[in-house]
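Let me begin by presenting the structure, written as structure tokens, before commenting on it.
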Amino acid sequence: ITLKLLIAIIQERDRKAVTDALSSSGVFYTKIPRTGGFLRDGNVTLLLGIEDERLDEALAIIRDNSQAREQYVSVPPPEVLPTPGMIEAPVKVTVGGAVAFVMDVESFERW
């Protein structure tokens, strides 16, 4: 069996849809919650050891269930100091979607 390691980073808001769809398809994963990025928003990293022939299916599930969307934010990141007396206007940003990394697996062992 030839395996790939699929690492997918998705927004917390998309977590349930993605993981439910993966589970329904019999695709197993490990979930690692994390926070970071520009908006300090919650993200989830999914680790999947997947057979080569199921890789496209897993990527399609993630793609179909983690769509990018726009939202307005008015709070700058903590490291940005606003100018005193300045009123901050909401800014439209794109959030969501997913980032996926696929790597070859040289060996795999389960105990």
Side-chain angles (χ1 to χ4, degrees):
I1 295 177
T2 307
L3 292 176
K4 301 286 187 192
L5 173 61
L6 170 57
I7 302 170
I9 303 166
I10 60 173
Q11 189 179 36
E12 175 61 35
R13 217 182 274 182
D14 297 323
R15 175 195 50 82
K16 183 167 176 32
V18 172
T19 57
D20 285 354
L22 288 171
S23 294
S24 293
S25 295
V27 176
F28 301 104
Y29 57 87
T30 298
K31 177 180 69 168
I32 304 170
R34 65 178 197 80
T35 303
F38 174 69
L39 300 175
R40 303 289 185 248
D41 218 357
N43 292 304
V44 174
T45 299
L46 300 177
L47 304 175
L48 296 86
I50 191 101
E51 298 88 3
D52 278 352
E53 56 273 359
R54 294 202 68 196
L55 178 62
D56 289 337
E57 175 190 1
L59 288 170
I61 289 170
I62 294 166
R63 184 181 311 112
D64 293 345
N65 291 282
S66 56
Q67 298 301 311
R69 58 196 157 273
E70 293 180 340
Q71 79 180 38
Y72 287 89
V73 295
S74 59
V75 180
E79 60 272 4
V80 177
L81 298 174
T83 305
M86 183 174 117
I87 298 174
E88 298 169 20
V91 176
K92 184 168 48 172
V93 295
T94 301
V95 297
V99 175
F101 301 91
V102 178
M103 293 170 262
D104 291 327
V105 174
E106 281 189 35
S107 68
F108 167 78
E109 300 194 31
R110 182 180 294 179
W111 292 276

side-chain contact (heavy atoms from CB on, under 4.5 Å) evaluation trace for Asp14 with Asn65:
CA-CA 7 Å; Asp14 297 323; Asn65 291 282; over 6 Å; no

Could you walk me through whether Glu51 and Thr2 pass side-chain contact (heavy atoms from CB on, under 4.5 Å), step by step?
CA-CA 6 Å; Glu51 298 88 3; Thr2 307; over 6 Å; no

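Residue Ile10 shares its hydrophobic cluster (ILVMFWY side chains chained together at separations under 4.5 Å) with Leu6, Val18, Leu22, Val27, Tyr29, Val44, Leu46, Leu48, Ile50, Leu55, Leu59, Ile61, Ile62, Val102.
Take Phe28 and apply the side-chain contact (heavy atoms from CB on, under 4.5 Å) test, not counting sequence neighbours, and it matches no residue.
Considering CG of Leu5 and CG of Leu47, their distance stands at 6.5 Å, rounded to 0.5 Å. Atom CD of Glu57 is separated from atom CZ of Arg54 by 4.0 Å, given to the nearest 0.5 angstrom. Taking OG1 of Thr30 as the reference point, atom CD1 of Ile7 lies at 11.5 Å (rounded to 0.5 Å).
Of all heavy-atom pairs between Asn43 and Gln11, the closest is OD1-CA, 3.6 Å.
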